[in-house]
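Take a look at the structure below.
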There are 2 protein chains.
Amino acid sequence: MESVLTEAVALLDEAGEQALTFRALAQRLGGGVASIYWYVASKDELLDRATDHVIGAALADLEALPAHEDPIDELRAMAVTLFDAIMERPWLGAYFMRNTDVQGNALRLYEKLGQQTLRLDLTARQRFHAVSAIVGVVVGSAVDLGQEPPQEVLDGAVGRDEFLGRYAQTWRELDPADFPFVHEIVDEFDGHDDIEQFRSALELTLAGLRLQAGA
Amino acid sequence: MESVLTEAVALLDEAGEQALTFRALAQRLGGGVASIYWYVASKDELLDRATDHVIGAALADLEALPAHEDPIDELRAMAVTLFDAIMERPWLGAYFMRNTDVQGNALRLYEKLGQQTLRLDLTARQRFHAVSAIVGVVVGSAVDLGQEPPQEVLDGAVGRDEFLGRYAQTWRELDPADFPFVHEIVDEFDGHDDIEQFRSALELTLAGLRLQAGA
DNA sequence: ACCTGAACACCGTTCAAGT
DNA sequence: ACCTGAACACCGTTCAAGT
């Protein structure tokens with residue numbers, strides 16, 4: 001079981017979601033395709049369990065984090081750690097927290113984030129929404145980040161900067177009268193750092209939360 | 001071409017992403033499978049174009065919106081309208097803004113959102129990040145909302161409330177000492193409204209943005 | 001308890017051929 | 001310019017059968 005998940009994650013990491021087929025996985029495990037069905041009932045369950053497997057590592061990172069006096073500072077540190085852990089695994093976004101019956105680590109991680117909101121002056125509903133919002137920013141940013149490369153970048157035929165630059169170029173050719181905003185931000189877009197984009201979105205959410213909690 | 005996209009969207013709306021196959025689409029169009037390849041080069045391009053097709057309708061909704069004096073109020077109204085438009089189309093989240101060469105409507109929508117940030121006292125980078133964050137909240141929430149039902153709900157065998165309630169029940173059985181946060185929010189989770197969750201995440205982001213802009 | 005080969009019912013995509 | 005049937009190389013899943 002353990003090795004099924006380990007190899008599944010390895011396959012996902014090496015070549016992306018579409019590379020994880022039962023046939024490829026069986027070959028790596030040195031067995032037949034049907035064997036995998038003894039461990040999981042479907043591909044969906046395999047992905048759910050693979051997700052929880054890597055979330056387990058992220059949870060360990062989270063538990064190694066030093067405590068902060070300010071709960072919002074601690075939420076930030078946790079969100080950044082979580083983002084780092086799943087950054088290179090965009091496939092994870094679609095499965096994280098989808099089935100907490102199978103994803104015990106995801107549930108524990110959710111709990112750990114949520115405990116910080118218990119230290120803030122909020123209603124239960126506000127706490128629920130706050131944690132959902134933070135998880136949303138982390139997962140959403142990681143998914144965005146991972147879906148960007150449209151094949152040629154994955155092949156290594158075109159670098160990420162060149163890819164962004166090509167887009168930026170077509171944007172620059174748009175009529176500035178019709179697209180003033182696109183022209184305003186095209187230089188920011190060109191060669192932009194996804195991590196900064198995530199940090200910025202997180203900061204907006206945390207600032208809103210701090211305001212809400214009156215902290 | 002127009003009818004290819006219309007039927008593709010109809011198929012997606014009726015039965016979800018997995019129901020859109022070239023064979024099913026060809027049958028609806030009363031032709032052969034290979035015909036579709038005269039209009040699009042691949043299934044990916046079909047999804048890109050189908051996405052832009054429905055974003056066109058959302059864009060029209062946006063343009064019908066009354067102007068607000070406050071740019072942040074206008075951003076809120078736009079985000080809510082966009083959310084409503086894509087709420088029932090979670091498949092869209094994975095494709096929105098993925099290829100603006102093909103998605104002219106998505107680009108125009110991005111521009112329209114961005115123009116509101118031009119009215120705020122921000123740097124170009126802050127504007128770029130702000131629009132990314134807002135789009136992220138909208139798309140992320142819509143995707144979450146759509147991925148939830150795990151088959152039995154889609155089949156109509158189990159209602160959404162019952163599905164949530166079942167989860168809530170397993171959460172209630174967790175040890176309160178280990179899961180204080182889960183216990184704190186389980187009643188909020190049970191029967192919760194996804195739209196409220198989205199509105200709440202949006203409000204946190206907009207509050208942060210207002211603070212940043214000093215408005 | 002754990003694994004297997006072979007089959008089943010699908011996919012997206014291609015291609016030579018038609019009008 | 002537009003469409004087609006038939007094939008190709010895959011999929012996830014099932015099942016009777018093995019140890």
Side-chain angles (χ1 to χ4, degrees), chain A residues 1-53 90-92 94-95 98-99 102 147 149-155 157, chain B residues 1-53 90-92 94-95 98-99 102 147 149-155 157:
Chain A
M1 180 73 225
E2 180 67 19
S3 66
V4 171
L5 294 183
T6 307
E7 289 305 318
V9 169
L11 219 36
L12 286 162
D13 284 349
E14 282 166 32
E17 189 162 5
Q18 60 166 2
L20 179 65
T21 66
F22 277 54
R23 280 164 179 85
L25 183 55
Q27 200 184 355
R28 264 179 107 105
L29 293 164
V33 235
S35 314
I36 303 164
Y37 282 91
W38 196 85
Y39 297 98
V40 294
S42 68
K43 192 173 181 182
D44 251 31
E45 193 191 317
L46 176 61
L47 264 312
D48 274 335
R49 301 202 110 100
T51 297
D52 205 53
H53 194 252
W91 51 271
L92 194 149
Y95 295 92
R98 210 181 50 152
N99 185 342
V102 151
Q147 82 168 10
Q151 192 144 349
E152 23 184 20
V153 180
L154 261 174
D155 297 345
Chain B
M1 179 73 226
E2 179 68 20
S3 65
V4 171
L5 295 183
T6 307
E7 290 305 318
V9 170
L11 220 36
L12 288 161
D13 284 349
E14 283 166 31
E17 188 160 8
Q18 60 166 1
L20 180 66
T21 66
F22 276 54
R23 281 163 178 88
L25 183 55
Q27 200 184 354
R28 264 179 108 104
L29 293 164
V33 235
S35 314
I36 302 164
Y37 282 91
W38 195 85
Y39 297 98
V40 294
S42 67
K43 191 173 181 182
D44 251 29
E45 193 192 317
L46 176 62
L47 263 312
D48 273 335
R49 300 202 110 100
T51 298
D52 205 53
H53 194 253
W91 51 272
L92 194 150
Y95 295 90
R98 209 181 51 152
N99 184 342
V102 150
Q147 83 169 8
Q151 193 142 349
E152 23 183 19
V153 180
L154 261 175
D155 298 344

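In what follows, chains carry the letters A, B, and so on, assigned in the order in which the sequence lines appear, proteins first and then strands, with residues in each chain numbered from 1. None of the values given here were measured: they were computed from a predicted structure.
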NZ of B:Lys43 versus C1' of C:dC11: gap in Å, rounded?
8 Å
Quick one: which of A:Tyr95, A:Phe22, A:Tyr37 gives a side-chain contact (heavy atoms from CB on, under 4.5 Å) with A:Leu46?
A:Phe22
Using only atom types and a distance under 3.5 Å, with no angle test, would you say the side chain of B:Thr6 pairs donor to acceptor with the backbone of B:Glu2?
yes
Where the side chain of A:Trp38 is concerned, which of C:dC2, C:dC11, D:dT13 is the nearest nucleotide?
C:dC2
In whole angstrom, what separates B:Phe22's CZ from D:dC10's P?
18 Å
Minimum heavy-atom distance between B:Leu47 and B:Trp91, given as atom pair plus value
CD1-CE3, 4.1 Å
Distance below 4.0 Å between B:Ser35 side-chain N/O and D:dC2 OP1 or OP2
no
Output the rounded distance in Å from CG (B:Asp44) to C1' (C:dG12).
11 Å
Work out how far the C1' atom of D:dC10 is from that of C:dA9, and round it to whole angstrom.
13 Å
For D:dC3, take OP1 and OP2 only and decide whether either is under 4.0 Å from a side-chain N or O of B:Tyr39.
yes
Given C:dG5, C:dG12, D:dG12, identify the nucleotide with an atom nearest to the side chain of A:Thr21.
D:dG12
For D:dA17 versus C:dC2, give the span between their P atoms, rounded off to a whole number of Å.
22 Å
Rounded to whole angstrom units, what separation is found between the CG atom of A:Leu47 and the P atom of D:dT13?
11 Å
Interatomic distance, B:Leu20 CG vs C:dG12 P [rounded to whole Å]
8 Å
For B:Leu46 and C:dT13, give me the distance from atom CG to atom C1', rounded to whole Å.
14 Å
More 5' along DNA chain C: B:Ala34 or B:Arg23, using each one's nearest nucleotide?
B:Arg23
Between D:dT4, C:dG12, D:dT13, which nucleotide has the shortest distance from any of its atoms to the side chain of B:Tyr37?
C:dG12
When the distance from CD1 of A:Ile36 to C1' of C:dC2 is rounded to whole Å, what number comes out?
14 Å
Between B:Lys43 and B:Leu20, is there a donor-acceptor pair closer than 3.5 Å when you use the side chain of the first and the backbone of the second?
yes
Does a sphere of radius 6.0 Å around CD in A:Glu45 hold more than 12 heavy atoms from other residues, nucleotides or ligands, not counting ones at 6.0 Å or beyond?
yes
Quickly work out the B:Gln27 CD to C:dC11 P distance and round it to whole Å.
11 Å
What does D:dT14 pair with, Watson-Crick or G-U, if both distances are under 3.5 Å?
C:dA6
